[in-house]
Undergrad: 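Handing you a structure now.
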Amino acid sequence: MDLALGIAIPFIGTSVGALMVFFMKNQVNPKVEKILLGFASGVMIAASVWSLIIPSIEMAEEQGVISWIPATVGFILGILFLMIIDAIVPHLENNVEKGIKKFKLNKTTMLVLAVTLHNIPEGMAVGVVFASSLTAGSGITMAAAFALAIGIAVQNFPEGAIISMPLKSNGMPKSKAFLCGVLSGIVEPIAAIITILLTSLIVPVLPYLLAFAAGAMIYVVVDELIPESQNVGDLSKYGMIGVTLGFLVMMILDVSLG
């Protein structure tokens, strides 16, 4: 029961964020949007360090491997994985129109597809951490796994809203905009379940997978979230406030629960 709830938490965060389309009249207030984007960035940075990189290093030491090698290799592979995705699927914010021409998909499909693909590493991260919590000697507790899941759910809340609100503003019915926001997050529990089912096969490479998830999350932060939170002059300070709050909240959650 705890496991099922844990892997569902990030998806719930996305769904609740998408639900905001029924309560907000127009697009998200620019100041609020910058704070939410910054908050999501801070959460993912802290989660990458305390929930993924540090456990990867500690697990490698217990396996008798040079501690920094799995973390370095996994992190680089995570970055490359997202770079390849961005090469295949046009950039979420800036290249949607280009993607329509290239793939002959409508704007809504492109938007949901791009976010869905970027959610795969987050689902893998949750699956890897919960799989690690079920593995003896991993050093990761179930509480720490829940901390990461909660952190990603917090990050997913603004993501769900940022998807559904613009779709509604462009004339899409609220129910359909909400469904698009929800669908963008459904891949996370699926990816988590698949990862957990493969636990017996991935135990030797768990340090690499933890770092891989961290690299993928950091890529999303650097490539998308932070630039979006800083792209309007006077509003950039709100993004910085959000980063600070998100980092501290996730750090406190992870340290206190882990």
Side-chain angles (χ1 to χ4, degrees), residues 1-19 36 39-59 62 71 74 78 118-160 182 184-200 202-203 206-218 220-221 225 242-243 245-258:
M1 183 63 181
D2 287 344
L3 183 61
L5 175 62
I7 61 178
I9 287 175
F11 175 63
I12 292 172
T14 302
S15 300
V16 173
L19 194 64
L36 291 176
F39 190 88
S41 301
V43 165
M44 293 180 74
I45 293 169
S48 295
V49 175
W50 273 278
S51 297
L52 297 170
I53 294 293
I54 292 177
S56 170
I57 292 172
E58 292 175 345
M59 199 178 301
E62 292 176 1
H118 284 160
N119 279 339
I120 292 174
E122 294 178 11
M124 289 176 62
V126 173
V128 167
V129 173
F130 273 99
S132 300
S133 71
L134 299 173
T135 303
S138 69
I140 297 179
T141 65
M142 184 66 74
F146 267 95
L148 177 65
I150 293 170
I152 291 178
V154 171
Q155 178 261 321
N156 283 351
F157 175 83
E159 187 175 87
V182 171
S184 72
I186 192 67
V187 70
E188 291 194 23
I190 294 174
I193 291 170
I194 292 173
T195 303
I196 292 171
L197 290 176
L198 296 175
T199 299
S200 60
I202 65 175
V203 169
L206 272 178
Y208 294 91
L209 292 177
L210 288 167
F212 175 92
M217 289 172 68
I218 291 296
V220 172
V221 170
L225 297 181
V243 170
L245 292 174
F247 186 90
L248 292 176
V249 167
M250 187 59 203
M251 179 186 70
I252 292 169
L253 273 175
D254 198 287
V255 173
S256 61
L257 294 179

Undergrad: Please list, chain by chain and in numerical order, all residues satisfying side-chain contact (heavy atoms from CB on, under 4.5 Å) with Ile54, sequence neighbours excluded.
TA: Val49, Trp50, Glu58
Undergrad: If I compare all heavy atoms of Met250 with all of Ala46, which pair ends up nearest, and what's the gap?
TA: CB-CB, 3.7 Å
Undergrad: Looking at every heavy atom in both Ser48 and Ala214, which two are closest together, and how far apart are they?
TA: OG-O, 3.7 Å
Undergrad: What are the two closest heavy atoms between Pro207 and Ser56, and how far apart are they?
TA: O-OG, 2.6 Å
Undergrad: Among all residues two or more places apart in sequence or in another chain, which pass the side-chain contact (heavy atoms from CB on, under 4.5 Å) test with Ala213?
TA: Leu52, Ala125
Undergrad: Quick one: closest heavy-atom pair of Val126 and Gly6, and the distance?
TA: CG1-O, 4.3 Å
Undergrad: What residues form a side-chain contact (heavy atoms from CB on, under 4.5 Å) with Val249, not counting sequence neighbours?
TA: Phe39, Leu253
Undergrad: Check whether any side-chain heavy atom of Leu210 lies under 4.5 Å from a side-chain heavy atom of Val129, and answer yes or no.
TA: yes
Undergrad: Table please: side-chain donor-acceptor pairs of residues 143-154 below 3.5 Å, with sequence neighbours left out.
TA:
none

Undergrad: Rounded at 0.5 Å granularity, tell me how far CD1 in Ile12 sits from CD1 in Ile7.
TA: 10.5 Å
Undergrad: Among residues at least two apart in sequence or on other chains, which ones pass ring-ring contact (aromatic ring centres under 6.0 Å, His included) with Phe157?
TA: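 Here no residue qualifies.
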Undergrad: For residues 187-197, which side-chain donor-acceptor pairs fall under 3.5 Å, sequence neighbours excluded?
TA:
residue	atom	partner	partner atom	Å
Glu188	OE1	Asn156	ND2	3.1
Glu188	OE2	Asn156	ND2	3.1
Thr195	OG1	Ala191	O	2.8

Undergrad: Any chance you could measure Ser41, atom OG, to Leu245, atom CG, to the nearest 0.5 Å?
TA: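 Nearest 0.5 Å value for the OG-CG distance: 12.0 Å.
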Undergrad: So, taking the atom named CG in Leu3 and the one named CE in Met142, what distance separates them when rounded to the nearest 0.5 Å?
TA: 6.0 Å
